[in-house]
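Have a look at the structure below, then the notes.
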Amino acid sequence: MMEPRYDPHGVEERWQQTWEEEGLYRAGAGARTSATYVICVPPPNVTGELHMGHALNGAIQDTLVRWHRMRGFDTLWQPGYDHAGIATQNVVERQLLAEGTSRRELGREAFVSRTWGWLEQTGRTIMGQFRRLGCSLDYSRERFTMDDAYIDAVMTFFVRLWEQGWIYRANRIVNWCPYHQTAISDLEVDHEEVDDVLTHARYPFADGGGSITIATVRPATMLADVAVAVHPDDPRYRDAVGQEVVVPVAGRRVPVIADARVDPAFGTGALKVTPGHDPLDFEIGRDHGLPVLTVIGPDGRVTAPGFEGLEQRDVDERVLAWLKEHDQLEKRENYRHAVGTCARCHSRIEPLVSPQWWCRMDELGLPAIEALRADRVRFHPSSQHRFAIESLETAPDWCVSRQLWWGHQIPIWTCPDGHLTCAWPPPAACAECGSSELERDPDVLDTWFSSALWPFATLGWPQQTPELERYYPGNVSVTAREIIRLWENRMIFAGLFLLGDVPFTDVIITSTVMAVDGRRMSKSLGTGIDPLEAVAKHGADATRYGLLKMSSQQDPRFSWDKLEEGQKLANKLWNVARLILQHRGGAKPELAPQALEEIWILRRIDETRAEVEELLPRFDFAHLVESLYHLVFDDFCDWYAEAIKPRLNASDTAAAGTALAALERLLALLHPVMPHVTEEIWAQFHDSRLMVSPWPEPLAELDGAAAAEALRRAQDAAAIFRRSGVAPALEGDARRIFAAVVKPERVKANGDVEAERARLRQEVARAEAMLANERFVQGAPAAVVAAERDKLERYRRELEAIGG
RNA sequence: GGGCGCAUAGCUCAGCGGGAGAGCGCUCGCUUCACACGCGAGAGGUCCCUGGUUCGAUCCCAGGUGCGCCCACCA
């Protein structure tokens, strides 16, 4: 009935289907208490596919969820998708480009409709991939951030913020993506190193001779210069401050000003001030009351008179030619620096001044800062906790508007008189003058604005649903480092603002799984590994095991070895179960250990149970799987199974019954990590499902001292036998177990008695020397000294046993 | 530029004040009646460097070197 080699293929898919059909993935399945355990999956982009980060994330969450389900909690693991504003729009826009059209040609309504249509066909595939990992999400509760009910939540959030007076519109310099033609937040900007050229240009003084030399990588922006700034303490320019210089090409007279934000060490120490096209210059200009000139349009092309419609680099050339002609070009030098690019399309970011909607962060963030300081939410590892607090403390106001078409349109309407009405559902008339001619703001919200509501909008908020009552607040959020400020912090302050409570108590920041060579996993680099490929090779259980084993390191390299280790563990488990089940006869699982090795293994399993209960709340998954691995291989298979084999072969029903009981507990411990193989074995001798079986209770008092001593003697003897070829003299159970496990008559140890005696003599001498050292005996902790005495005794005894 | 972290066996990594460990790889021997995805035996290490604290340091502290990640408006 059971093959000698465990093949996860087919088995895993079968259980995934069975579990879901039997409703065991549903929230509350198997619950035996009213206590809840809730995790919301970080909603993947609706266009997304499973990558290694998702797989690790899923393995962690599922391990926690399955463990709590077995412990009787009412668990909810909430699945769903994010509409992912700019990311999704980007994909559809590229399709249109390939078809020779564009979203503008299509028009907004048709574009949005097309995006929906495309999603129906090809979107939302990733939950199917989570299924293949065995993730026990409640797939019947899938939510999407653009569901009608979810839209209500998003609009309500915005209106509440508006009512607080925290939403305002301001004309500021923002990161502008010329490809998508929208503002994006600082957090959506990547920095990429590029080779550039730094141009040094002379700006002559308007009165009298001389000039100031500035340095720039963007000569075209000279057309929008409104000042030259120097550091107030810079002796080189003390006399220049207050004078005027003439901007090249433009011929404009602009002041030389002093500002401490200028770095005297960079370039020439003199900065051309271009408030319209540089964030720092914008601030300096604002503080000095300078005008904002704009010479670049939303499409990235130049708009300055005489240069309309030209590419910036063409204007750069013209400006350079002008400088050369007028002998104002001092030099050009190669310069490597980081420039901002759009995280989606990698276009170079254009800092542009544009009207955007902002959300004030000062008051909104405060309760979240307090909650984190009071550890009402804890980030793991703790270094990330400090980072989260700092991020909230220094959070600038949140630019919530985007000039996109795919997303949640902002609920603000304008009447012909320019009054603003912010309301949801859509108002019939202007709140101020009653006009019914309302025009809705065309902008949509930042995609993270809706993500911030995920832990409760998925439960029906703003409606007071039973689910919301029952499952909010939740417990854990599992996510990647780079998303702390974008998402985790925002869920926390949104939850506190709207529901008065934090959405979860713990945030696990997972490590980033790197490629085998240590580089980042990336599709474009070809370094990515598809988790489904790993599952196809080694199975979902092994993939989960391997990922958890890697999870402790900060940036682990993906390692196929660890997956193979997991696969071997599954196979080992399968085979030792086969051994026990083959000899079970009519035995039923019965927890009535008699032989010392039975008491010993049950205690070892129970020790590991306690260890699991200590490690999982600390989210230490790597040590968890390591501990399980050694329990199975070293203790259960190498010692216990070998020790009872003679009795199993003799059809000893009591031995078989105890073995079944021990196997049950072992399977339960492994189930959260390796659900499929454990469920498959469980089904060989149960009608129930392991998945919803109770987590093992601590074992009642078993006098394990004699068992532990016998096993230790047998194990020590085995080590000596392997090294020396001489089996030390043993008595009673220790002797029996040693004989069953080590089989001296069969194993030809190629050891060397003399070498082993020498080794033991050396150990004895070392221990004796330490115990003779008064400073050690007095200075070291008593337990350490006692341990040393024990060792000395043991080495002496072992030495004697092999005739030393 | 700021923050966080890492340097231990050929590889990937545990350990972190008192005997240097695991998995894989390698060598040798076993198709032994659960498992060759196995069993047994072995080789392989100035625990990055320099100081300090300590009876004792791979482990704690300081400095150095080399990496990695996150964040950041040096034109």
Side-chain angles (χ1 to χ4, degrees), chain A residues 2-7 173 175 186-187 189 191 198 214-218 221 229 261-263 265-268 270-274 278-283 335 337-338 340 349 351 381 383-384 386-387 390-391 480-482 484-485 511-512 514 516 518 520 538 542 549-550 552-562 564-583 622-623 626 629-630 637-638 641-642 645 648-649 722-723 725 742-743 746-751 762-763 766-767 770 773-781 784-785 787-788 791 795:
Chain A
M2 291 172 80
E3 295 297 317
R5 177 181 292 194
Y6 174 65
D7 182 2
I173 195 152
N175 303 300
D186 291 347
L187 303 175
V189 175
H191 291 86
L198 194 59
I214 58 85
T216 181
V217 291
R218 303 180 63 191
T221 61
R261 284 165 287 195
V262 177
D263 176 4
F266 184 88
T268 63
L271 167 74
K272 69 192 253 324
V273 181
T274 322
D278 182 276
L280 173 64
D281 296 10
F282 182 83
E283 283 179 28
Y335 177 55
H337 66 142
I349 289 302
S383 57
Q384 301 301 334
R386 291 193 296 277
F387 174 72
E390 278 168 32
S391 303
R481 255 195 311 277
E482 60 267 24
I484 291 174
R485 303 194 300 178
S511 39
T512 309
M514 310 300 277
V516 177
R520 219 178 165 74
H538 301 287
K549 185 98 192 239
M550 293 172 220
S552 66
Q553 302 148 48
Q554 174 133 340
D555 294 300
R557 296 173 179 216
F558 184 83
S559 153
W560 288 104
D561 287 353
K562 301 221 171 14
E564 282 168 24
E565 194 178 311
Q567 192 177 350
K568 285 179 181 180
L569 176 58
N571 187 58
K572 193 72 173 171
L573 207 54
W574 175 255
N575 275 295
V576 78
R578 208 159 70 99
L579 168 72
I580 294 169
L581 290 168
Q582 274 172 359
H583 293 94
H623 287 111
E626 187 180 15
Y629 181 92
H630 289 294
C637 293
D638 286 358
E642 292 298 335
K645 211 186 268 182
L648 289 180
N649 284 329
R722 279 167 194 150
R723 284 196 293 260
V742 181
K743 304 183 187 81
R746 223 184 262 165
V747 177
K748 279 177 290 180
N750 58 357
Q762 206 178 332
E763 293 290 357
R766 189 193 54 77
M770 270 188 91
N773 179 351
E774 273 178 43
R775 290 208 264 195
F776 166 68
V777 176
Q778 279 156 23
V784 173
V785 178
E788 204 57 39
K791 277 189 232 164
Y795 292 138

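By convention in this document, chain letters (A, B, ...) are assigned in the order of the sequence lines, proteins followed by strands, and residues within each chain are numbered from 1. In this text, all values refer to a predicted model and were calculated from it rather than measured experimentally. Basis for what follows: all heavy atoms, side chains included, without hydrogens, waters or symmetry-related copies.
Residue whose closest nucleotide on RNA chain B sits further toward the 5' end, between A:Lys272 and A:Asp7: A:Asp7. Along RNA chain B, the nucleotide nearest to A:Val784 and the one nearest to A:Pro556 differ in position, and the one closer to the 5' end is contacted by A:Pro556.
Across all strands shown, A:Asp263 has heavy atoms under 4.0 Å from base atoms, whether or not it also approaches the sugar-phosphate. Here A:Arg485 lies in heavy-atom contact (under 4.0 Å) with sugar-phosphate atoms only. At the heavy-atom level, A:Gln762 lies nowhere under 4.0 Å from the strands shown. Among the protein residues, A:Thr512 comes within range of no part of the nucleic acid, since none of its heavy atoms lies under 4.0 Å from any strand. A:Glu626 comes within 4.0 angstrom of the backbone, heavy atoms only, and of no base. At a threshold of 4.0 angstrom between heavy atoms, the contacts of A:Gln567 include nucleobase atoms, whether or not backbone atoms are also involved.
Atom OH in A:Tyr6 sits about 18 Å away from atom P in B:C35, given to the nearest Å. Atoms CD (A:Glu482) and P (B:C71) sit 7 Å apart, rounded to a whole Å. Remark: P of B:G38 and NZ of A:Lys645 are 15 Å apart, rounded to the nearest angstrom. Atom pair A:Arg386:CZ and B:G2:C1' shows a separation of 14 Å (rounding to whole Å applied). Here B:A20 presents its C1' atom at 13 Å from CZ of A:Arg766, a figure rounded to the nearest Å. Rounded to an integer number of Å, the gap from CG of A:Asp561 to P of B:C24 is 8 Å. The OH-P distance, from A:Tyr629 to B:G38, rounds to 7 Å in whole Å.
When atom types are taken as modelled, the side chain of A:Asn575 and the backbone of A:Asn571 share a donor-acceptor pair closer than 3.5 angstrom.
Classification of A:Glu565 and A:Lys562 as a salt-bridged pair fails, no side-chain N sitting under 4.0 Å from a carboxylate O. Taking 4.0 Å as the cut-off between side-chain N and carboxylate O, A:Lys791 and A:Glu788 count as a salt-bridged pair. With respect to the salt-bridge test (charged N to carboxylate O, under 4.0 angstrom), the residues A:Asp561 and A:Lys549 do not qualify.
In terms of phosphate contacts, A:Lys568 brings no side-chain nitrogen or oxygen within less than 4.0 Å of OP1 or OP2 of B:C39. Listed pair A:Tyr335 / B:A75 meets the phosphate criterion, a side-chain N or O lying under 4.0 Å from OP1 or OP2. Listed pair A:His623 / B:G15 meets the phosphate criterion, a side-chain N or O lying under 4.0 Å from OP1 or OP2. For the pair A:Arg520 and B:C70, the criterion of a side-chain N or O lying under 4.0 Å from OP1 or OP2 is met.
With both ends at atom P, the span from B:A62 to B:G68 equals 24 Å, rounded to whole Å. Comparing the P positions of B:U46 and B:G52 gives a spacing of 23 Å, expressed to the nearest Å.
Pairing of B:U46, defined by two Watson-Crick or G-U wobble distances under 3.5 Å, is not identified with any nucleotide.
The aromatic rings of A:His538 and A:Trp560 sit tilted relative to each other, their planes meeting at an angle between 30° and 60°.
Side-chain contact between A:Arg520 and A:Thr512 is present, with at least one heavy-atom pair separated by less than 4.5 Å.
Between the side chain of A:Glu565 and the base of B:A22 there is no donor-acceptor pair of N/O atoms closer than 3.5 Å.
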